[in-house]
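In what follows, a structure is listed as structure tokens, so that the remarks can point back to it.
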Amino acid sequence: MAGYDPRTFEEKWYTAWSESGAFAPASPKPGEKTFSMVIPPPNVTGSLHMGHALNNTLQDILCRYHRMLGEATVWIPGMDHAGIATQNVVEKQLLAEGTDRHALGREAFVDRVWKWREESGGRITEQLRRLGVSCDWSRERFTLDDGLSRAVREVFVQLYEQGLIRRDRYLINWCPRCHTALSDIEVEHDDRDGHLWHLRYPFADGSGHITVATTRPETMLGDTAVAVHPEDERYAELIGRELVLPVLGRRIPLIADSYVDREFGSGAVKITPGHDPNDYEMGLRHDLPMISVMNEDGTMSSEAGEYEGATREDCRSALVKRFEADGTLERVDAHRHSVGTCYRCQNVVEPMLSVQWFVEVRGLADRTLEAIDEGRTRFVPAHWEKTYRAWMENIRPWCISRQLWWGHRIPAWYCDSCDRTLVSREDVQSCPDCNGEVRQDEDVLDTWFSSGLWPFSTQGWPDEAEDLTRFYPTSVLVTGFDIIFFWVARMMMLGLRFMDEVPFRDVYIHALVRDEYGQKMSKSKGNVIDPLEIVDEFGADAFRFTLAAFAAMGRDIRLSEDRIGGYRNFVNKLWNADRYRQLKADDVGDATCAMPEAPRLMPNRWIRSRLTAAVADVRDALDGYRFNDAAGRLYQFVWHEFCDWYIELTKVCFDGEQADREETLATLSAVFETTLRMLHPIVPFVTEELWQALPAQGRGEGFIMNAAYPDRRADWVDAAADDEVGTLIEVVRAARNIRAEMSIAPRVELQLHVGPGPARDVVERNAALITRMARLASIERSEEAPAGSAVAVAAATEIAIPVAEHVDLGAEAARLRKELDRIDKEVARLDKKLGNPKFLEKAPPEVVEQDRGKRDAAAAERETLAKSLERVQAIGGAS
RNA sequence: GGUCGCAUAGCUCAGCUGGUUAGAGCGCCUGCCUCACAUGCAGGAGGUCCCUGGUUCGACUCCAGGUGCGACCACCA
């Protein structure tokens, strides 16, 4: 029989599930419980990276779990057109071909992008399938689909009509490379080493100068004032006087504004309202002229005089050189400061005056805060709520227009004849007032404007759709913290505004995947691990299990291949457990997966009890999004309870009478079958493969992915069996420990003497099992440990193994001393605790009682071991 | 500057509402090809739970302060 090789079956099952329609939700029925999610739509330009792998694995675990719980489950996949990112990709291609989009023209360019999207875009959805994600592909959406585009227009028009969208001239963030405006959060702030140039601006009357400090000398061409603090004594007399701007000779006033920090630099600051947000605000306050000295491509404008046409950088160095020469430059300091860069191309963004479209989000943001207060949406882990709240409380108008061609074109038309602006759901052909010609706004909308509608636009809105009533609000959104502002916040605002209800009940925020050294993975660092290579090497199941096991809340994930290998071994272990099962099934025959009503044999009773305990724990963990707990508990159950102990114990049971053999095979099969269902959400492929090979009787038809998730079975809990096998395990471990510590070869069969004590009955009842597990020749009852034996205490009962004929008793003396040392400390610790009157007085009685029990047990064990040590030494073991 | 998170075995990390002999995986040491599995089996070594105070009968766990990392936000030229 073949060993575990994921490549032989993963694709097969994905195809089978997909073709059978298993990913689509059940048909609606009254009173149904639903579970719904929307995928965070990956960019069409994207290829699968670790972040996607984690995000979608966690979603798939939830999806499969809830589907198995019998809920009408839907997971809607799709992609984002990703305006800037996609346009950049195609523009790069054009550049390589020696042309550009302007040469092509708008229409041809957009066609070209669509063509690119058809051919090489969206590869990521194929890659997602390799992970086993069970999204309903029949519901796949794209943000530029007709339906979604209609939703975008509807939202835009309604917000415009309500006065929440307006067009305005404002200082915005401009990316000279992408040639578009950016919203505030699309600007990343980078600390960089720079300089602080101190420049002298002379007074118009020739009476000396004032020194200003700047990190961006080139903007001085746009200065329209110099400001000082109104209470700064150094400058009090000078306020109101005129200065002459170097180079351009423009006369600018010295004004007073309390924004100025007296401590910084010289206490005087040059004001460039056209290129700095603070200066802009000040410019508004003081009614200063606002001059744009730069063009949209980052070169200097006609306002820059002789520097017109130079790049920002060239202009800067030319000016500095000039100021050095003419004495305008007083001095230069090294200065580290924050620089705004474009989140798509990393170029330095330029604050620029520009006419753009804005959404007034204040009121929408407040509504989402109320919803959070009322607990209608819950963040998991909860602390992200605070981050969300802080941002929402300080939110500023959202700039939504982008000077791109790829995206939803703004549904606004301007009449050249009568100057009217028309915002409309349908394309406007001519001006309704003057019948004049109209032209549509050239710009497109921010990508996040359309993805902000995702939870309802994907489900048919603005039409009345069955999906919407069934599946909105969605149950949970699974995403990384990096897009809480970009995406989660926008969905909250737009969902509440247009659906009158939150878009999701829970927001599960997962960690970032880093490399094994804790570095963020990035192409430039070259430390990117390709998820598909991992899948190729270890299988999707092992990879998924690893991601789940790592997904502890609130901590970043350091992925290492060693760890993945460990979980591949786990899946292999499961595979081999099934080989064992099959072997026994062939041997015993008459297989069923139905759990025996009332198993008689202790191992069978025990494993059924452990199984239901595991089921309860795993369900609790998944219900609470504690993926790592679920994975850890499954690992522990499968490997250490089912394989290490139960399977080994069944080897004895299978040596028994036919009735015992049948009961054991049925239990083994039933527990295994249940375990597969319990594992399925995390490791879907291998569980399907193994489940299909199980006896049909007691298993059910179809796929395991449609089978029921294991129930919590109170009637399977068997405290007596838990105790008895627990004791058995303790005894076997004690015996094995003695053998190993004494270095007695495994082949040597030993005798075991069990003294009086609570475990004695258990040992005698289960002699066959213990003999096999501990490799014993026989088990005897004895009141006193035989001379020359090694002694241990298991389950408060003395266990003695004669070893004198095999080894020097000196080893036993040493072992006993070590044990005694340990137990001495334990007794001392407990004695001290119990000797404290305050503890006896204040601690809950059950805690005191528990500690008394522990103390007594430890004391008894101590005595046994001490006695044994005495005897060993008396016999003449080396001391 | 503000906010948040993290410091536990050599490494990567679990430890929920305070009472455990502080756990796992990997690595390490010893012995085993025992009829599912050497991707394995059995046994073992290894920890001042960052520091200092405090609350408490009792603190890895709660509180305060400190130190060291990390992240996010922020308009100081």
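Here is how names work: the chains are called A, B, and so on, in the same order as the sequence lines, proteins then strands, and each is numbered from 1. Remember, predicted model here, so these are calculated numbers, not experimental data.
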Selection from rG44(B), rA77(B), rC75(B) that lies nearest to any side-chain heavy atom of Asn278(A)
rC75(B)

Distance, P atom - from rU39(B) to rC33(B), rounded to whole angstrom
16 Å

Is the phosphate of rU20(B) approached by Lys833(A) (side-chain N or O, under 4.0 Å from OP1 or OP2)?
yes

Atom pair distance, as rounded to whole Å: CG in Leu196(A) and P in rA77(B):
8 Å

Roughly how far apart, to the nearest Å, are rC49(B) and rA59(B) at atom P?
12 Å

Starting at CG of Asp644(A) and ending at P of rC41(B), how long is that distance when rounded to a whole Å?
6 Å

Nearest-nucleotide pick for Lys854(A), side chain only, options being rA36(B), rC72(B), rU20(B)
rU20(B)

Sticking with atom P, work out how far rA24(B) lies from rA42(B), rounded to a whole angstrom.
13 Å

Out of rG43(B), rU20(B), rC37(B), which nucleotide sits closest to the side chain of Arg829(A)?
rU20(B)

Using the P atoms only, state how far rC73(B) lies from rG46(B), rounded to an integer number of Å.
46 Å

Distance in angstrom units between Ile509(A) CD1 and rA71(B) P, rounded:
18 Å

Closer than 4.0 Å, any side-chain N/O of His640(A) to the OP1 or OP2 of rG23(B)?
no

What integer number of Å spans the C1' atoms of rC60(B) and rA14(B)?
13 Å

Will you find, in the side chains of Lys270(A) and Thr219(A), an N or O donor that is under 3.5 Å from an N or O acceptor?
yes

Between Leu750(A) and the options Arg775(A), Met742(A), His806(A), the side-chain contact (heavy atoms from CB on, under 4.5 Å) test singles out His806(A)

Check this for me: does any side-chain nitrogen of one of Asp821(A) and Lys818(A) sit under 4.0 Å from a carboxylate oxygen of the other?
no

Round to the nearest Å and state the distance from Tyr388(A) atom OH to rU3(B) atom P.
21 Å

Mind calculating the distance between CG (Asn836(A)) and P (rU56(B)) to the nearest angstrom?
14 Å

Let's see if you can work this out: which of rA71(B), rU3(B), rA36(B) has an atom nearest to the side-chain heavy atoms of Lys386(A)?
rU3(B)

Among rU20(B), rG44(B), rA77(B), find the nucleotide with the atom closest to the side chain of Glu741(A).
rG44(B)

Testing Tyr646(A), Trp645(A), Trp639(A) one by one against Phe642(A) for a side-chain contact (heavy atoms from CB on, under 4.5 Å), which residue passes?
Tyr646(A)

Using a heavy-atom cut-off of under 4.0 Å over every strand shown, decide if Val260(A) touches base, sugar-phosphate, or nothing.
base

On the nucleotide rG43(B), are OP1 or OP2 found under 4.0 Å from the side-chain N or O atoms that Arg739(A) carries?
no

Would you check if the distance from the ring center of Phe379(A) to the ring center of Trp384(A) is below 6.0 Å?
no

C1'-based separation of rU17(B) from rC11(B) [nearest Å]:
31 Å

Verify the contact: side-chain N or O of Asn576(A) to OP1 or OP2 of rU39(B), cut-off strictly under 4.0 Å; return yes or no.
no

Return whichever of Ala213(A) or Ala577(A) has its heavy-atom-nearest nucleotide of RNA chain B closer to the 5' end.
Ala577(A)

Below 4.0 angstrom, N of the basic side chain to O of the carboxylate: do Asp655(A) and Arg772(A) qualify?
yes

Roughly how far apart, to the nearest Å, are rG66(B) and rU3(B) at atom P?
13 Å

Quick check for you: among rG25(B), rU21(B), rA74(B), whose closest atom lies nearest to any side-chain atom of Tyr635(A)?
rG25(B)

Under 4.0 angstrom between Asn737(A) side-chain N/O and rA42(B) OP1 or OP2
no

When the distance from OH of Tyr201(A) to C1' of rA77(B) is rounded to whole Å, what number comes out?
11 Å

Quick check on rC41(B): is either OP1 or OP2 less than 4.0 Å from any side-chain nitrogen or oxygen of Trp639(A)?
yes

Closest to the Phe839(A) side chain: rG43(B), rG19(B), rU20(B)?
rG19(B)

Let me know the distance between CG of Asp578(A) and C1' of rC37(B), rounded to the nearest Å.
12 Å

Glu673(A) with Arg581(A): basic N within carboxylate O range, under 4.0 Å:
no

Nearest-neighbour nucleotide for the Glu648(A) side chain, rA36(B), rA77(B), rU21(B) considered:
rA36(B)

Side chain of Arg822(A) only, please: which of rU21(B), rA36(B), rC57(B) is the nearest?
rU21(B)

Give me the distance, rounded to whole Å, that separates rU8(B) from rU48(B) when you measure between the C1' atoms they each carry.
12 Å

Given rC33(B), is OP1 or OP2 found less than 4.0 Å from the side-chain N or O atoms of Arg747(A)?
yes

Can you give the dot-bracket line for RNA chain B, where a pair is Watson-Crick or G-U wobble with both atom distances under 3.5 Å, crossing pairs use [ ], and | marks a partner on another strand?
(((((((..((((.....[...)))).(((((.......))))).....(((((..]....))))))))))))....

Got a salt bridge between Arg829(A) and Glu826(A), using NZ or NE/NH1/NH2 to carboxylate O under 4.0 Å?
yes

Under 3.5 Å side-chain donor-acceptor pair for Tyr343(A) and Glu188(A):
no

Short side-chain N/O contact from Lys838(A) to OP1 or OP2 of rC57(B), under 4.0 Å:
no

Taking only the side-chain nitrogens and oxygens of Lys573(A), find out if one of them lies under 4.0 Å from OP1 or OP2 of rC41(B).
yes

Rounded to the nearest Å, what distance is computed from the CZ atom of residue Phe264(A) to the P atom of nucleotide rC75(B)?
16 Å

Could you check Asn572(A) against Asp191(A) and say which one's nearest nucleotide on RNA chain B is further toward the 5' end?
Asn572(A)

If you check every side-chain atom of His383(A), which of rG19(B), rG5(B), rG25(B) has the closest atom?
rG5(B)

Is a salt bridge present between Glu648(A) and Lys651(A), judged by a nitrogen-to-oxygen distance below 4.0 Å?
yes

Between Phe538(A) and Tyr567(A) (judged by ring centroids, cut-off 6.0 Å), do the two rings come close enough to count as a pair?
no

